[in-house]
Amino acid sequence: MPALVLQLTRVGFLILLWLFVLAAIRVIRADLRVAADPRAGGGRRSRRRDANAPARPTAGGVASMIPTILVVTAGSLAGTRLRLGGGPILIGRAEDSTLVLDDDYASTRHARIIQQGQGYAVEDLGSTNGTYLDRTRVHAPIPVPIGVPIRIGRTVIELRP
């Protein structure tokens, strides 16, 4: 009987090892796919429209102001400020990102902030853990009001005038 139990335990650990390896390969393939083409990274999710507006509207007419600065309000980079320009801001763990995050919950190419008219929009690039505008998960480019938090893993950023 002990030999049978030992053999079943070995087989069980072998199965767990292969499940772990396959899960790791799946994550690596997803990151490589997004790195090769950030616009195609989301698959079905990037084409789906999210009709939900942010849960918390801005107060006191702040929405009419034009954002000029991106501020990291929480996370390992808290206090970091970036000037907003005409180009997109790529956020993730990749070294070539505009805002490089040291966050285990952020993907290599996690999100992008793009200019839309006078304002800006946030777009998730098919990340594993998602990008949130206030408490709403981002599935498609969604406008970002001033002062509304964008959460990427443990990092929280805001647009400010």
Item to check | Backbone N/O of I69 and side chain of R160: donor-acceptor pair under 3.5 Å | outcome: no
Checklist entry - Any chain of hydrophobic side-chain contacts (each under 4.5 Å) joining V11 to L6? => result no
Next on the checklist: If hydrophobic clusters are built from ILVMFWY residues whose side chains come within less than 4.5 Å, do I25 and W18 share one?
Outcome noted: yes
Next on the checklist: So L22 and R26, do their side chains get closer than 4.5 Å, heavy atoms only?
Outcome noted: no
Checklist entry - For R151, which of D134, V156, V138, N129 qualifies under side chain to side chain contact (heavy atoms under 4.5 Å, CB included)? => result V156
Item to check | Straight-line distance of T68 OG1 to L82 CG, nearest 0.5 Å | outcome: 11.5 Å
Checklist entry - Roughly how far apart are Q115 CD and I89 CD1, rounded to 0.5 Å? => result 9.5 Å
Item to check | Separation of L133 CG from D124 CG (nearest 0.5 Å) | outcome: 12.0 Å
Item to check | Member of I157, L90, L99 meeting the side chain to side chain contact (heavy atoms under 4.5 Å, CB included) criterion with I113 | outcome: I157
Checklist entry - Do S107 and L125 come within less than 4.5 Å of each other through their side chains, counting heavy atoms only? => result no
Item to check | Contact summary for P149 and E158, nearest pair of heavy atoms | outcome: CA-CG, 3.9 Å
Item to check | Euclidean distance, D102 CG relative to R93 CZ, rounded to 0.5 Å | outcome: 9.0 Å
Checklist outcome for this item: Note: P67 and L159 closest approach over all heavy atoms is CB-CB, 3.9 Å
Item to check | From OG1 (T128) to NE2 (H110), nearest 0.5 Å | outcome: 8.0 Å
Checklist entry - Which heavy-atom pair separates A94 from V100 by the least distance, and what is that distance? => result O-CG2, 3.5 Å
Next on the checklist: Give me the atom names and distance for the closest heavy-atom approach of R137 to S127.
Outcome noted: NH2-O, 4.2 Å
Checklist entry - Applying the 4.5 Å side-chain criterion to the ILVMFWY set and letting contacts propagate, would Y132 and V71 be lumped into a single cluster? => result no
Checklist entry - Is the closest side-chain heavy-atom distance between D103 and I152 below 4.5 Å? => result no
Checklist outcome for this item: On a heavy-atom basis, the closest approach of Y120 and G85 is OH-O, 2.9 Å
Next on the checklist: Does T131 form a side chain to side chain contact (heavy atoms under 4.5 Å, CB included) with I150? I'd like the steps, not just the answer.
Outcome noted: CA-CA 7 Å; T131 302; I150 302 168; 4.0 Å; yes
Checklist entry - Would you say I91 and L101 make side-chain contact, with heavy atoms under 4.5 Å? => result yes
